[in-house]
Amino acid sequence: MIDISTTIAGIKLDSCIFNASGPNDETLPQLEIIGKSKSPAITMKSCTIAFREGNPGPRYADLPANSSINSMGLPNLGYKEYIKFTKILKKKYEKPVVASICGMTLEDNVEMFKAFNNSDVDIIEFNPGSPNTIGKPIVGYNPIEMDRLLAAVSKICKKPWGVKLPPYFDFVHYEQIAKVLKQYPVKFVTSINSVGNGLVIDPEKEAPAIKPKGGFGGIGGRLIKNIALANVRKFYLLFEDKIQVIGVGGAATGIDVFEFILAGASAVQIATTFMQEGTPAFPRLQKELKDYMKKKGYKTIEDFRGKLRVE
Ligand code: SIN
């Protein structure tokens, strides 16, 4: 019997593969589809104080080889709706619900964290890593601002919470952000948000693939898998397993999931794969992971988590 369950922030998940905040998790019908699926948790779209239309379309494009570009611009219904949805989802599907908070200001974040304290939500993922808000830099690249936000949020939040990070590329930047995160009761980081401000060009049309920001958008899927694996590995080592790491970015097969766990991830989220394949992706990835673990002689994910063979 192969067990692919995990525990994130003290919350048990039957499988270590669940949906990332982002694709197809904005409305109640979309969230109910995830509720009915084999995803062991329901992650909701990053929310703001009020309804947001998001950026003008086209704002998402599939790319070859299980990849994507998006500049959605955080379209969402406003946090109060997600608090209502949580109650409905918990009652109907009896699985953990993950809220994602992405306020535009410190005050917005404080208001939303306070409100979610009194909700049925199981886990909160704070998202200061989105590259797609027009006129707003990626907060996760500013350690001083991150410190200010985390200090405020950690005083308020009574739920288990973690932080979704943008990708880092320089060892110095990993170290700076890890130093900030270690000061607060952060239970996990989710690495990585999309690789910000890529540009995809259609040579026939001589135009970018998406409209917002002159075509600049977050690259997701297989194209970013190796950057995601590096971020997972680096944070796993820097946190010495005291803060968990959730891997996201290009997991399209069970072997990809295996690699994320080998790098140190305690769970893996899927975004582009879920967008492109829908809910059948969950049982497929679960089966492929189990098959590969069987071949390797592993019975639980803890048998190999973090145990990348480095000389
Ligand atoms: C978006 O809505 O723009 C995607 C979410 C994110 O980048 O965090």
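Both counts, for ligands and for their atoms, begin at 1 and track the order of listing. We count residues from 1, following the sequence as given.
- Between Y141 and Y168, a ring centre-to-centre spacing shorter than 6.0 Å is recorded.
- Under the 4.0 Å criterion applied to side-chain N and carboxylate O atoms, K95 and D14 are not assigned as salt-bridge partners.
- Residues satisfying the salt bridge (Lys or Arg N to Asp or Glu O under 4.0 Å) test with R59, not counting sequence neighbours, are none.
- Remark: K84 pairs with E81 by the salt bridge (Lys or Arg N to Asp or Glu O under 4.0 Å) rule, at least two apart or across chains.
- Each of K45, N70, M72, G73, L74, P75, N127, S130, P131, N132, N193 has a non-hydrogen atom positioned under 4.0 Å from some atom of ligand 1.
- Residue pairs satisfying the ring-ring contact (aromatic ring centres under 6.0 Å, His included) criterion with at least one member in residues 243-266, sequence neighbours excluded, are listed as follows: F258-Y292, F258-F304.
- A salt bridge links R305 with E302; the closest basic N to acidic carboxylate O contact falls under 4.0 Å.
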